[in-house]
Amino acid sequence: MYSEKVMDHFANPRNVGVIEDADGVGEVGNPVCGDVMKITIKVAEDRIEDIKFQTLGCGAAIATSSIVTEMAKGMTLEEAVAITKQQVADELGGLPPAKMHCSVLATDGLKRAVDDYLVKHGREPIGGPIVSDDPHFDPHEDDGEV
Ligand code: FES
C-alpha cells in the first residue's frame with residue numbers, strides 16, 4: 001500500500017525537531033482528523049537555510065512532513081511555497097488516494113512558516129490560502145493540485 005520511500009521517511013523521519021531561534025514558524029492542524037504539525041525555518045537571503053518539523057499525526061503526515069523539509073531546504077521562499085501536495089506525493093513514490101490529504105499539512109505548514117517570516121519583516125505574505133483552514137476542506141477528497 002505504501003511505497004518504500006514512504007515507509008523509510010515514516011520510520012526514519014529527517015529534520016525532526018524545533019529550531020529554537022527560528023526566523024519563521026508555521027503551525028497547522030487538520031480539522032477533521034486532529035493531526036497537527038509545526039515547521040520552523042531559518043532564512044538567509046530569502047532562502048531556506050534550515051528547516052525542522054514536528055508532526056503529531058498519521059504515518060503519511062509524518063512521511064510527507066519529512067520529505068517536504070528535504071525538498072524545501074536550500075530553496076528560495078518563492079520556490080518553497082510553490083511546492084504542491086502532488087509534488088510531495090510524487091517525491092515519495094506516490095501516496096494512496098485516501099492519504100493524499102495528509103500531504104496538505106506539510107505544504108500548508110511550510111507556507112505558514114514562510115509567511116510568518118515575511119510578515120515579521122514587514123513584507124507581504126506569499127503563501128496564499130491555507131487549505132486546511134478552509135471550513136469546506138474535505139480531507140477525504142483528492143481535489144488535485146493545491
Ligand atoms: Fe490526519 Fe493523515 S490522517 S493527516
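Every number for a ligand or one of its atoms is a count from 1 in the order of the listing.
Heavy atoms from other residues, nucleotides or ligands lying under 6.0 Å from CG of L56 number 12 at most. No more than 12 heavy-atom neighbours from other residues, nucleotides or ligands sit within 6.0 angstrom of CZ on F10.
A distance limit of 4.0 angstrom between heavy atoms and ligand 1 selects the residues C33, D35, C58, A61, K99, H101, C102, L105.
Salt bridge absent: R112 and D108 never bring a charged side-chain N and a carboxylate O closer than 4.0 Å. With respect to R14 and D8, a salt bridge is recorded, a charged nitrogen being found less than 4.0 Å from a carboxylate O.
Contact annotation: the side chain of V119 approaches that of P125 to within less than 4.5 Å [non-hydrogen atoms, C-beta and beyond].
Each of D115, D46, D116 was evaluated against R123; a single residue qualifies, D46, per the salt bridge (charged side-chain N to carboxylate O under 4.0 Å, His left out) test.
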